Amino acid sequence: MTEPKPPFLPFALPDIGDEEIAEVVDTLRSGWVTTGPKAKRFEADFAAFLGDPSLHCIAVNSATAGLHLALEALGIGPGDEVITTTHTFTATAEVVRYLGADVKLVDIDPATMNIDPAAVEAAIGPRTKAIVPVHYAGLAADMGALEALAGEYNLKLVEDAAHALPTTYANRLVGTLHSDATVFSFYANKTITTGEGGMLVTRSDALAARAKVMRLHGISRDAFDRFSATVPSWYYEIVAPGYKYNLTDIAAALGLHQLKKAHAFRTRRAEIAAAYDRAFAGLPLITPPHPQGADQHAWHLYVLRLADHAPIGRDALIEALFAQGIGCSVHYIPLHLQPYWRDRYGLQAHDFPHSQHAYGQMLSLPLYTRMTDADVQRVADAVVRLVS
Ligand SMILES: *Cc1c(COP(=O)(O)O)cnc(C)c1O
């Protein structure tokens, strides 16, 4: 008799509870479904979560939108160059092109998989205006070195924190560091989700003011202020050709409750990562780097790398896991291999040896709060069997 096939274990699943569902229903019944009181509350709660009510938190409909708004507000435009990591999702870099500026991709530090500050420094030229690090997988980039470079060369610093809620660096939450802006993502597979959504965080009054105007059509006041004012207030002014990047209250309703669970979610993700680490010790595998000291990894991703002498290749491993009903992914196909970026800048794989090598050996295992201990064990056992 054959065993029944176990159900498919997807690579990622959101963890949405009854509180989120009730809050969305409440929003639907309230009559205010676009940006309104719940988006405002989500922004205030986010500042409180980061522990600094003086931070500006600007809710947007994606992290991509938030990155675009941040760079626009910093004045990035044609003729400028922005340095970022090749080992990221295209959103990090594409926003630079929206603004007509150019992207300078650099390699990673193979130990951390984060942007290599030495490669950043080597790439700085007369047109360089900003650096955009990514806190890859939820491990903070070397912000001390990047802040020093930004200071020395008078560059802007915008953190792509799509993986980094909650991550700490030098015992401070990402979002409260010394960059010009930090952008979080609430896409479906991120550590907290609003379906689609993001948050732009900044200490700069000027950046916040510009981003708020550009978030909604270049209108000098937002729609909620207009419609909820106690004085008759139909008048508004368009001061720029803005975008449509506001977060709806339906999405913010999810975010209000997801944010309350963010620390508990992280604790569970860290438990799963630790279980994987234990299972893979002593095998021809490179387990993910951990933060230094007492710092926190958000564990958005568990990126496993095969050692050079592993008995199976990455593609075969992913196929074998899939055949056993386990979904995996790869983060990322480096940008220097993607036709648009490769062709536009004439990029070659040997210019990015660490990202290129890591790409060939890496896979991301399922890691999410709805996994049971048995699910985690099932994935770990399958990997162990295949690489032993
Ligand atoms: C998910 C992601 C983004 C884009 O986030 P959206 O909210 O989907 O726009 C940007 N950068 C990185 C590194 C990401 O993983």
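Remember, predicted model here, so these are calculated numbers, not experimental data. Residue indices begin at 1 and follow the sequence shown. Note that these values count all heavy atoms, side chains included, but never hydrogens, waters or copies made by symmetry. Indexing begins at 1, ligand by ligand and atom by atom, following the structure's order.
- Gly197 counts as a contact of ligand 1, since one of its heavy atoms falls under 4.0 Å from the ligand.
- Ring pair Phe49/His263 is parallel by interplanar angle, where below 30° counts as parallel and above 60° as perpendicular.
- Cation-pi geometry between Arg314 and Tyr359 is met: under 6.0 angstrom from the ring centre, within 45 degrees of the axis.
- In this structure, atom 1 (C) of ligand 1 lies nearest to the protein heavy atom Lys190 NZ, 1.6 Å.
- Judged by the shortest distance from any of its heavy atoms, Tyr332 lies inside the 4.0 Å radius around the atoms of ligand 1.
- With hydrogens left out, the protein atom closest to atom 9 (O) of ligand 1 is Thr64 OG1, 2.5 Å, a heavy atom.
- The heavy atom nearest to atom 7 (O) of ligand 1, out of those in Gly66, Ala93, Ser185, Ala164, is found in Ser185.
- Nearest protein heavy-atom neighbour of atom 8 (O) of ligand 1: Tyr187 CB, 3.8 Å.
- Atoms of ligand 1 lying under 4.0 Å from at least one heavy atom of Thr88, given by number and element, are 13 (C).
- Asp160 OD2, 2.7 Å is the protein heavy atom nearest to atom 11 (N) of ligand 1.
- A distance of 6.0 Å separates CG of Asn171 from OG1 of Thr168, quoted to the nearest 0.5 Å.
- If you look at Ala162 next to ligand 1, the close heavy atoms, those under 4.0 Å, all belong to the side chain.
- Thr27 places no side-chain N or O within 3.5 Å of a backbone atom of Ile250 that could act as its donor or acceptor partner.
- Asp373 contributes atom CG, which lies 8.0 Å from atom CD1 of Ile272 (distance to the nearest 0.5 angstrom).
- Each of Leu55, Leu165, Ile58 was checked for a side-chain contact (heavy atoms from CB on, under 4.5 Å) with Phe46, and the lone residue meeting it is Leu165.
- Remark: distances from the non-hydrogen atoms of His331 to ligand 1 are all 4.0 Å or more.
- For the residue pair His257 and Glu20, no side-chain donor N or O sits within less than 3.5 Å of a side-chain acceptor on the partner.
- Not less than 6.0 angstrom separates the ring centroid of Phe89 from the ring centroid of His331.
- Looking only at heavy atoms of the protein, atom 15 (O) of ligand 1 is closest to His163 NE2, 2.7 Å.
- Below 4.0 Å from some heavy atom of Ala91 lie the following atoms of ligand 1, by number and element: 4 (C), 10 (C).
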